[in-house]
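Everything below concerns the one structure shown next.
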Amino acid sequence: MAIPSRGHHEKEWHVTAETIQLLTPEGERVDHPEYPVDGADIRGMYRDMVLVRRIDSEAIALQRQGELGLWASLLGQEAAQVGSARALSPKDMAFPSYREHGVAWCRGLDPLRLLEMFRGVTHGAWDPEEHKFHLYTVVIGDQTLHATGYAMGIQRDGSEDEAVITYFGDGATSQGDVSEAFAWASVFNAPLVFFCQNNQFAISAPPERQSRAPIYQRASGFGFPGMRVDGNDVLACYAVTRHALRAARDGEGPRLIEAYTYRMGAHTTTDDPTRYRLASELEAWRLRDPIERVRAYLARSGEADGAFFEQVADEADELAGKLRAACLALPDPPPLALFDHVYAERSAVLEAERAQYAAYLAGFEERGDGR
Amino acid sequence: MAIPSRGHHEKEWHVTAETIQLLTPEGERVDHPEYPVDGADIRGMYRDMVLVRRIDSEAIALQRQGELGLWASLLGQEAAQVGSARALSPKDMAFPSYREHGVAWCRGLDPLRLLEMFRGVTHGAWDPEEHKFHLYTVVIGDQTLHATGYAMGIQRDGSEDEAVITYFGDGATSQGDVSEAFAWASVFNAPLVFFCQNNQFAISAPPERQSRAPIYQRASGFGFPGMRVDGNDVLACYAVTRHALRAARDGEGPRLIEAYTYRMGAHTTTDDPTRYRLASELEAWRLRDPIERVRAYLARSGEADGAFFEQVADEADELAGKLRAACLALPDPPPLALFDHVYAERSAVLEAERAQYAAYLAGFEERGDGR
Amino acid sequence: MTRITLSRALNEGLRRALEADEKVMIMGEDVGRLGGVFRVTDGLQKDFGEHRVVDTPLAESGIVGTAIGLALRGYRPVCEIQFDGFVYPATDQIVSQLAKMRSRSRGQVALPVVIRIPFGGGIGAVEHHSESPEVFFAHTAGLRVVACADPADAFAMIQLAIAAEDPVIFFEPKRRYWDKAEVDMAAPLSDALALDKARVVQPGADVTLLSYGPLVRTCLEAALAAREDGRSVEVIDLRSLSPLDMETIIASVTRTGRCVVAHEAPVYAGLGGEIAARVTERCFYQLEAPVLRVGGFAVPYPPARTEDHYLPDLDRILDAVDQTFTY
Amino acid sequence: MTRITLSRALNEGLRRALEADEKVMIMGEDVGRLGGVFRVTDGLQKDFGEHRVVDTPLAESGIVGTAIGLALRGYRPVCEIQFDGFVYPATDQIVSQLAKMRSRSRGQVALPVVIRIPFGGGIGAVEHHSESPEVFFAHTAGLRVVACADPADAFAMIQLAIAAEDPVIFFEPKRRYWDKAEVDMAAPLSDALALDKARVVQPGADVTLLSYGPLVRTCLEAALAAREDGRSVEVIDLRSLSPLDMETIIASVTRTGRCVVAHEAPVYAGLGGEIAARVTERCFYQLEAPVLRVGGFAVPYPPARTEDHYLPDLDRILDAVDQTFTY
Ligand SMILES: Cc1ncc(C[n+]2csc(CCOP(=O)(O)OP(=O)(O)O)c2C)c(N)n1
Ligand SMILES: Cc1ncc(C[n+]2csc(CCOP(=O)(O)OP(=O)(O)O)c2C)c(N)n1
Ligand SMILES: [Mg+2]
Ligand SMILES: [Mg+2]
C-alpha cells in the first residue's frame, strides 16, 4: 500500500484562485470587492515592516555575539504580522506564539521585553493588558485555548467592541489543543480570529506533514469560515484581518485566516535549514519579499520618495543601536529572584527553601569565595 | 454579544439530503447507485441485532440486581454497530470505545468478556488479535490514535487486504486526540475508517455542544471524505462501511462515517436521562427503531416469516439465560492477581510489595480472622 | 447547623461563591443541566444561568485552557474534571500554563482557577475512575493542591480555594460524597482554617497518623480501634498537599516519636515519600521508628472486585502502626 | 574503543537496534532529514528510509498514541519527544494507555515502546526546555523509567530499552550530549549491565551519593573535591528510576551510614523523597544522619541567567555531604 513519501519537492509559488492578494510581488495594486483597504496607512506599514526586520537582524547579531541565548527570526513574515496587527483596534486582544515580534511592535511593546526573554533574563515578562498583547507562548498551540477563553470572557462582559486574535503556525494545526480551540470557538461563537502563519515549515517539516488539505479549509469542518491570504502582502493581511475582526465583534463568531508566507530565516538561531531546504527555494521566495513590493508600490505611486525610504532606514539603524545598548545593559536577575512570584499567597515550603538558600549564599560571601 | 444558548429544543428527525438511507423507518428499500447491498445477509443482520439487544437488556438487569457494577447500553445503536461490523473482513481490525457490544458480537467475542469487565472482574481482558477486536477504551478518543498507528503498521507490512475501523462518539469529536488522529491518518493516508456513532448525546450534552457543523463535515478540512449515514438503517451502515473499507484497502486513505442514530437508553446504568431529555423526543425516535424496520422489510418481502422471528427470539432468550448463568458463576480474581502482568520482566520493587502483602494476608489466615 | 452530605456541602459552597462574586464561573462536562455526575453542581445552572455554569465540549485540555483565558479576562473559573483518570489530557495546560503563568509574568498575571477533581477508589467503578494523581500536581510548583475529607471542611475549603489568587487543584474524596455531617453554613468564612493548614482531627500521644481525603475517616476508625489495644493515635488531616503544613506535622511527631502516612495513591514516588523524608530530616533524633507508609501498590488500579485489596484499609493501617512499635 | 559523544553513542545504539530488528522504528518531530534537534537520529532516515524513521506531525499525544498502535501491530517504536517540557501533551496516552495496556489485557498485549526524552537544564535554553518530569512516570505503574549518564552506558541502555518488552521512558541528559568518552561498540549487549540495575561509579567509604542523568558527572566531581577534605564519597548512578535498585543502594548505605540524593527536579515530591523514605526504612539503625536531598527548588524552572542558582552544583552537593557529618 502506497505510503505518501515526504518527497523533497521545491515549494513553487502560486497565488491560487483562493488566495486573496491586494498587492502583487511587483507592487501592483489589485482590488477586491470584499476587502477594501480604505484608510490603510501604507507608508506606516512600510515603516513598521522595515523597523521590525531591523530589530530582527539586530537580535540575530546579538545572539551570534553571545548576548542572547536564542532568537526566533520573523524574516519573511513581516507583512503577515504587521498587516494583521494593524487591523486590531486598541481594545482587541492578541495571543501570540513566540515569533510575533512584528505584532508585538505594532501593539507598542518595547522590543527590549522580547530581548530580555531570549537573553534569559525573564521568561517574557510583561503585563498582557497594558498593550493588549499576551505573553509569548512557547508550547505549541496552548495559546489558542487561552484566546478562546478570553473571547468567551468578552462575550460574558457583554462587550461588543472587542475581539481576540491568536497567532500560530502551520505546524501547530496538528496539535490537539488547536482543534479543541476550533471546536470551542465554534460552539460558543467566540469573537475570535485564528491567524495561522503558514511559513511552510515546522522546523524541518513541511505543511504536507501536518495535513493534506490546505490549512484554511480546516475551519469549515468546525463550522466557521476560513480563508487564505497572501501572507507576503501586507495590504491583504490588513484588509482580511480587519474584515474578520469586525465580523467577530458583530457576533458572527470565529474566522480562520491562513497567511501563506515563507520563513526566510532559520527556525531559530540554533537551526541549520541547509539540512532540509534547497537554496533555490529560498531564492524563489526572495522575489516575493513582503517589504520590497510595498516599497515598489510606494515609489511608483509616488506616495513616498527616496527621502522617506532613507529616513526610515536611518530610523531603523538608530532603533537597532539603542536596542543593542539597552540589551547589553540588561542586568542579570538577582539569585533570590527565582523564588519570587511563584504564588500570590505565602508558601511555607518555598519560604523555607528561600531562607535556606539565602543563608547558603551568605556563607560564601562570609568566606569571601563568592559564586 | 449573543452567546449561543444551549436551548432545550427537541431533536427533530430528518433524513437530510446528505444522509444515506437504504431502508426507511417503514422498512421500504431505497436504492443508492454508489452503495449496492449485494450479498447482504439481511436475516443475519436482523438476528445479530435482536441478539445483541437481548444481551444488552440482560446486562442491564444484571446490573440492577447488583451483579454488574455498571453497564453502558447500546439500545438504539444496534444497526450502526451490526451494519458496520458486518462490513469488516476477518482480517480487518476494529478499535472500539466502550459501547460497541454489537461490534464485539459480530467479531465473535464471547459477551461474557464484556460482562467480566462491567462486573469488575477484569478491565476488559481479551486478546485483541484473536477476534481482531481491540480492548474497550474508556478514555474518550484515545483509541482513534491507536487505530491510526495500527493502520500505519498495515501499510508498513505492505498488506493490501487489511483495513482498520475505529469507533467513537459525537462527544469524542471534541477531544484533541481525535483531531490528531484525523491529521495523522490524512498525512499518512492510513487505511482507516473513522466510524462515529452520533447518538445525540455525550452523557447530557447534545452534539451542538461539540460543534456547530455536522460531524461528517469535519473530515474534509483534514483532507479526506466524510459522509453521514442513517445510523438506524443497518443496510446503509453496512453498505457505506463496506465501501469505505474497500477504499481504505485500495490505498485511498481514510474516511469518516457519521452514523446518525440515537441513544435510546441512559448513558450508563448510573445515569438519569430524565434530567436532560424530553420523553417525547425518545418517543419520536422509537418510531425509527433500527430492528423494527428490518423486521417489517423481511416480513413484507417474504424473506422471513413468523417462524423465523420466533426462532430468533427464542435463541435470544436462551443466549441471555446462558450468559446470566455464566456471569453469576464468574469467580472473583484472587487477591494477589492484582500484582500480575504489570511488567513483562521482573520488577524488584513490585515483587517486594507482593511478597509483603502475601505475608500480610497469610497472617490473617493463621489468626483465622481472614478478610 | 445542618446535616448534609459532602457532595451537598460542596454544592452549597459553590453556590455561596457564585453569589459572592459574579466573576465566579463553573465549567465542565455535564455540570449544567445534569448537575454533574455526582450532583455537586446540581441546580446551579438553573439559578445562575448557562453562561456562568457552563456545559463544555468534551475536552479536558479545552476546559483548563479556556479557563485560563477566562481568568486572564478577570473571571474566576471553577473547572470540574469528571473523574480523576480524565485529568491527564489537561496535564500540559495545568503544568506548563496554569502553574507557570504567574512567575512567567513576574507576578503581573494571576490565574485564580480552581480545578475540582473527584479522586480515589472504593466505589466499584470501571478503569480510570479510581485514580489518585495528586503527586503530579504537588510536584508542580505554582499550584496549590488540597484535598477535603468531610462535609464541614469541604464547604469552607471550596470557598477558600475559589477566593485564593493562586490556581488550586481541589481533590474531592469520591467515595465520601455521601458521608453526612453537621455543617454550620452560617459560620463566616473568615473563621475557617486556612487552606494551607493541616488539622489534628484526633489528638493522641503514641503515634502520628497522617492522611488526607478519603482515608482520613479510615484513619479515625483505626485510631478508635487502636485505643482498644491501649494505643493513643493522633490523626492529622493534611488538607494541603502543596505546600505541606510541616509545622503541625513536626509538632506532632516530635511528641509521639512515631509516624505513619496513608494515602490511596501508589506508595512508590507518592506524596508519602516526601512527608517521610521531611519528617525524618526534622525529627531525626525524636523518631523511635522510621516513618512508615501505607498506600496503593505499584500496579495500575485493579478491577473493582479486587480494589479492597489494593486500598489501604483499617487493618493495613493498624498493621503499619503496630510495626512502628517493633523498632 | 572509540571516543564519541553521548549524542553519538545514542545514535550508534539506535542504528544497531534498527539493524538488529526490522520492526524497530523511530518516530518524532524532525527526527528524519534534520536528524533531530540534538542530532541523535542523524543519518538514520537516510539509511533506513522514511517509513522506519518517521518525521511525524507536530503532536506529542499523536506520537505516543500512534506508537501504541504500531506496537499493537508488532512494531517496536522509539519515540522522540523533542524536549522534556513537551511531553505533557502525551501524558494521557502514556499514563492511561501505554502504562496500563499490559495489565488491562492480563498480559495478552505487550507494548515495547521507548520514549526518548532529552531532559534537564544547564544549556541556557528558553522556558519549557529544561524540565525534569521523571517522577510523573516513576509514579506510574507499568512504565520502566531510566536515565543514562555517560556515552558508554547510553550506547548500551538505549539498545536494552528497545529490546525490553515493557514500555520504557528513556531520559537523556541534554547538557551531557556533547560529553565524550571511550565506548566499546564491539562489546556484546549481553555483557551490558541490566537496565534495572544501579552502578557504583565511584567506590567510597564515608557517605553514599546517589544521582542519575546529568548530575552523575557533577557528583563524581564532588567526590573528587571531597577527597581533598579527606572524605571518601561513594557515588552511585541509579540508572533505573523505576524500579529502583534498592539492593545496590542499601548495600552502600549500610556501609557508609550516610546518604545524599541529588537530582535537578524539584526536591518537593520528587524521586529523592522516595529514595530517602526507602533507605531510612531499610537502614534505620545504620544511618548516622538523615538522608539529605539536593535538587531544584519548588519554583518553575527559572530563566537561563539564573539557572546556575537553581541547578544543584558541586558546591551545593558538597554542602549537603558536609551536613550529613554534623549529625
Ligand atoms: C508542544 C510542543 N512540541 C514541540 C515543540 C518544539 N517546537 C518549537 S517550534 C516547533 C515548530 C513549530 O512550527 P509552526 O507551528 O509552524 O510555527 P513556526 O515555528 O513555523 O512559526 C516545534 C516542533 C514545542 N515548542 N511545543
Ligand atoms: C477523556 C475523558 N473525559 C471524560 C470521560 C467521561 N465520559 C465517559 S462517556 C462520556 C461521554 C461520551 O460521549 P460520546 O463520545 O458521544 O460517546 P457515547 O457515550 O455517546 O457513546 C464522558 C464525558 C471519559 N471517559 N474520558
Ligand atoms: Mg511554521
Ligand atoms: Mg454520543
Side-chain angles (χ1 to χ4, degrees), chain C residues 60-61 85-96 99-100 102-104 127-128 131 133 135-142 241-244 261 265-278 280-285 287 289-293 296-302 327, chain D residues 60-61 85-96 99-100 102-104 127-128 131 133 135-142 241-244 261 265-278 280-285 287 289-293 296-302 327:
Chain C
E60 288 70 16
S61 192
F86 309 134
V87 70
Y88 302 119
T91 306
D92 173 58
Q93 286 288 352
I94 296 173
V95 171
S96 295
K100 293 183 161 84
R102 180 178 198 88
S103 66
R104 181 182 301 151
E127 199 182 2
H128 310 292
E131 309 257 309
V135 81
F136 283 53
F137 307 110
H139 185 60
T140 303
L241 312 186
S242 176
L244 280 165
V261 189
V267 165
Y268 195 82
L271 198 66
E274 181 60 32
I275 295 166
R278 283 179 184 264
T280 309
E281 242 184 81
R282 303 268 303 265
C283 306
F284 190 64
Y285 295 113
L287 281 175
V291 177
L292 297 185
R293 299 174 292 165
F297 302 113
V299 308
Y301 196 90
Y327 284 78
Chain D
E60 288 72 15
S61 192
F86 309 134
V87 71
Y88 302 119
T91 305
D92 173 58
Q93 285 288 351
I94 296 173
V95 171
S96 296
K100 294 183 160 86
R102 180 180 198 86
S103 65
R104 180 180 304 150
E127 199 181 2
H128 310 292
E131 309 259 306
V135 82
F136 283 52
F137 307 109
H139 184 61
T140 304
L241 311 185
S242 177
L244 280 165
V261 189
V267 165
Y268 195 82
L271 196 69
E274 182 60 32
I275 296 167
R278 283 178 185 262
T280 309
E281 243 183 83
R282 303 268 304 263
C283 306
F284 189 63
Y285 295 114
L287 281 175
V291 177
L292 297 184
R293 297 173 294 164
F297 301 113
V299 307
Y301 197 91
Y327 284 77

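Per chain, numbering begins at 1; letters A, B, ... match sequence-line order.
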Contact summary for C:E131 and C:Y88, nearest pair of heavy atoms: OE1-OH, 2.9 Å

Option that, when pairs with chain D are counted at under 4.5 Å, heavy atom only, ranks first among C:A90, C:P266, C:P243: C:P266

Non-hydrogen atoms of D:F137 and D:P133 that approach each other most closely: CD1-O, 3.6 Å

Region of D:E281 that comes under 4.5 Å of a non-hydrogen atom in chain C: both

Separation of C:T91 OG1 from C:E60 CD (nearest 0.5 Å): 10.0 Å

Leading residue by heavy atom contact count with chain D [cutoff under 4.5 Å; candidates C:S61, C:S103, C:G273, C:P290]: C:P290

Set of salt bridge (charged side-chain N to carboxylate O under 4.0 Å, His left out) partners for C:R293, sequence neighbours left out: D:E274

Best-contacting candidate, D:A298, D:G270, D:P302, D:A289, against chain C by heavy atom pairs under 4.5 angstrom: D:A289

Heavy-atom pair count under 4.5 Å with chain C, highest-scoring of D:A265, D:A138, D:G85: D:A138

C:I275 versus chain D, the contacting section by heavy-atom distance below 4.5 Å: neither

Chain C contact via D:Y327 - which portion, at a heavy-atom distance below 4.5 Å: both

Which portion of D:I94 sits near chain C, non-hydrogen atoms under 4.5 angstrom: neither

Residue part contacting chain D, namely of C:F284, when any heavy atom lies under 4.5 Å: side chain

Contact class of D:T280 relative to chain C, heavy atoms under 4.5 angstrom: both

Portion of C:R282 that has a non-hydrogen atom of chain D nearer than 4.5 angstrom: neither

Short N-O contact, D:R104 and C:E127, less than 4.0 angstrom: yes

Proximal component of D:R102, with respect to chain C [non-hydrogen, under 4.5 Å]: neither

Taking every non-hydrogen atom, the tightest pair across C:L271 and C:L241: CD2-CB, 3.8 Å

Among the listed options C:Y301, C:F297, C:Y268, the residue most often paired with chain D at heavy-atom distances under 4.5 Å: C:Y268

Contacting moiety of D:S242, where chain C heavy atoms sit under 4.5 Å: both

For chain D, the option from C:L244, C:V291, C:L287, C:V267 that forms the most heavy-atom pairs under 4.5 Å: C:L244

Part of D:V95 within contact of chain C (heavy atom distance under 4.5 Å): side chain

With C:S96 via side-chain hydrogen bond (donor to acceptor under 3.5 Å, both in side chains) - residues at least two apart: C:D92

Among the listed options C:G296, C:A141, C:A269, the residue most often paired with chain D at heavy-atom distances under 4.5 Å: C:A269

For C:V261 against C:G272, the heavy-atom pair lying closest together: CG1-CA, 4.0 Å

